[in-house]
Amino acid sequence: MEVTARAPGKIILAGEHAVVHGCTAVASSIDLYTSVSLRLRSEGEDTIKLQLNDIGLDFSWPVGRIKEVLSHLGSPFSSTPTSCSLETVKSLAALVDEKSFPDSKIGLASGVYAFLWLYTSILGFKPATVVVSSELPVGAGLGSSAAYCVALSAALLALSDSVKLDVSQKGWFTFKAEAELVNKWAFEGEKIIHGRPSGVDNSVSTFGNVIKFKSGVMTRIDSNMPLRMLITNTKVGRDTKALVANVSARKSRHPDAMSSMLNAIEAISDEWSTIIQSHAADDLCLSANEAKLAELMEMNQGLLFSIGVSHASIETILQTTMEYKLASKLTGAGGGGCVLTLLPTHVSGAVIDKLVEELESFGFQCFTAGIGGNG
Ligand code: PMV
């Protein structure tokens, strides 16, 4: 039996980091996907295999070995989403030889622990081959880990004996209760990878569209405002977990100043959502609204710099786009990763081509992606 599930990446339009501290963020899915194919193997073949196509790594574990490592838990098998303890993560590390990861990808070992936790919790010890492939750059702020956890949870739940998702029709993912279950499991995977995620990434990847997210509660934003964003990848790798921890450390050193800045970011997110939600399809205020969003992006970026998550590569992109009178901000955890540049409707294709050429001459990679598709 075989099933394939896919989930989109995301951009955070406003409010990253602040959202970890209970403030509002606005995020949108993008049309770049991670796919997970899961094929159950016959009982005679006693291994669980994981193939990570994009980083060229394969793992194969005898089921008996996984049972041995998890023996302190009895069976982790569970029909409701359960968190993986730190102690269990440490045990799972015995199954993953971190030396097999290229230096730059060492942080990805936690993605394999997340796989093992979700797999054994949802499917128990059934032998299978799981193949992961992604259109998303890894660790670049576009939600690659969330898309991985969502697609993986969806594929596992689709083959679980206890959950029985209806996969008979393409639209099954739109059934809310099922999507919520996928989202909850994906969040457990994200916790293993990121330590203290807000949940915005897995929520937007599961449900798609443009969403507002605050303290674990997601609200869909129905917007008629066309949004064009240039996405520039600095190609500077970074670690979301470390950046989130650094912001928390700065907050404990400067509680008043940091709270004011996080609250200011929340005000920016709230204004973002008001503008795009109230924009009518035939609205004559398009360029005025675009100008407001550009200002909000500039302010958001200034605050992200102040809370300590910008990077020299991000600043180079900001300076370049500023010469074109275009507003930009980092998206995701920062410290490298990707930068968004708002492309208002009045900006011509020729201008965009020139900007892209200039940015790419620094070694950055530019692309556009469809915003707000299905989860
Ligand atoms: O860089 P990414 O895709 O991991 O996004 C992280 C977003 C943060 O707000 C920094 C963390 C979170 O969990 O919300």
Side-chain angles (χ1 to χ4, degrees), residues 7-30 32-34 83 105 107-108 110-111 114 134-151 183-184 186-207 211-218 229 231-251 258 261-262 265-266 268-269 272 300-301 303-311 313-314 329-340 369:
K10 64 100 215 322
I11 48 177
I12 296 186
L13 296 163
E16 50 275 269
H17 286 288
V19 68
V20 176
H21 300 271
C23 301
T24 311
V26 180
S28 168
S29 60
I30 52 173
L32 295 173
Y33 294 85
T34 293
S83 299
K105 309 268 179 190
L108 303 182
S110 58
S134 185
E135 297 164 352
L136 290 159
V138 176
L142 298 183
S144 60
S145 65
Y148 163 72
C149 289
V150 171
N183 192 32
K184 283 189 181 145
F187 186 46
E188 294 305 330
E190 278 276 90
K191 284 197 224 164
I192 297 173
I193 300 173
H194 291 312
R196 190 190 165 189
S198 62
V200 63
D201 285 15
N202 49 282
S203 300
V204 73
S205 180
T206 304
F207 294 97
I211 66 161
K212 194 167 156 172
F213 189 91
K214 181 181 166 77
S215 304
V217 180
M218 187 197 89
M229 291 282 175
I231 303 174
T232 305
N233 188 354
T234 61
K235 299 197 204 153
V236 175
R238 78 289 112 79
D239 176 4
T240 299
K241 196 174 182 172
L243 286 151
V244 168
N246 289 348
V247 171
S248 294
R250 192 176 276 216
K251 186 164 180 253
M258 284 292 282
M261 287 191 282
L262 297 174
I265 293 177
E266 172 158 77
I268 290 169
S269 298
W272 243 98
N300 196 164
Q301 175 59 35
L303 290 159
L304 287 163
F305 178 89
S306 302
I307 66 170
V309 296
S310 195
H311 183 268
S313 58
I314 295 173
K329 69 173 271 292
L330 66 85
T331 187
C338 287
V339 173
L340 301 178

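Side chains included, hydrogens not; waters and symmetry mates left out as well; all remaining heavy atoms used. Remember, it's 1-based here, ligands and their atoms both numbered in the order they're listed. None of these values were measured; they are calculated from a predicted model.
- A donor-acceptor contact shorter than 3.5 Å links the side chain of S269 to the backbone of T24.
- Distances below 4.0 Å separate heavy atoms of K10 from the following atoms of ligand 1: 2 (P), 3 (O), 5 (O).
- Taking all atoms of both residues into account, the shortest heavy-atom contact from G189 to A114 is O-CB, 3.8 Å.
- Qualifying side-chain hydrogen bond (donor to acceptor under 3.5 Å, both in side chains) partners for S198, counting only residues two or more places apart in sequence or in other chains: none.
- For ligand 1, the polar-atom distance check finds an N/O of S198 within less than 3.5 Å of one of the ligand's N/O atoms.
- When only non-hydrogen protein atoms are considered, atom 7 (C) of ligand 1 lies nearest to I12 CD1, 3.8 Å.
- Shown in contact with P197 at under 4.0 Å from a heavy atom are these atoms of ligand 1, numbered in order with element: 13 (O).
- Note: an N/O pair closer than 3.5 Å links A333 and ligand 1 by distance alone.
- For the pairing with V339, the side-chain contact (heavy atoms from CB on, under 4.5 Å) check across I231, T331, I314 returns one residue only, I314.
- The heavy-atom pair separating V236 from S313 by the smallest distance is CG2-OG, 3.6 Å.
- Heavy-atom separations between R238 and ligand 1 include at least one value shorter than 4.0 Å.
- Between G143 and ligand 1 there is a heavy-atom distance shorter than 4.0 Å.
- If you check the side chains of H311 and T234, you find no donor sitting under 3.5 Å from an acceptor.
- In summary, the atoms of ligand 1 found under 4.0 Å from a heavy atom of E16, numbered by their order in the structure, are 9 (O).
- Among the atoms of H17, some N or O lies under 3.5 angstrom from an N or O of ligand 1.
- In terms of heavy atoms, T34 sits closest to A151 at O-CB, 3.6 Å.
- The atoms of ligand 1 that sit less than 4.0 Å from any heavy atom of T240 are 1 (O), 2 (P), 4 (O), 6 (C).
- Checked for salt-bridge contact, E16 and K329 meet the test: a charged N lies under 4.0 Å from a carboxylate O.
- In L243, neither the side chain nor the backbone holds a heavy atom less than 4.0 Å from any atom of ligand 1.
- Residue V200 has at least one heavy-atom neighbour below 4.0 Å for each of these atoms of ligand 1: 14 (O).
- Every residue two or more places apart in sequence or in another chain that forms a side chain to side chain contact (heavy atoms under 4.5 Å, CB included) with F187 is listed here: K191, P197, N202.
- Interface of V19 with ligand 1, defined as ligand atoms under 4.0 Å from a residue heavy atom, comprises 9 (O), 14 (O).
- When hydrogens are left out, the protein atom nearest atom 11 (C) of ligand 1 is V20 CG2, 3.7 Å; that is the closest non-hydrogen contact.
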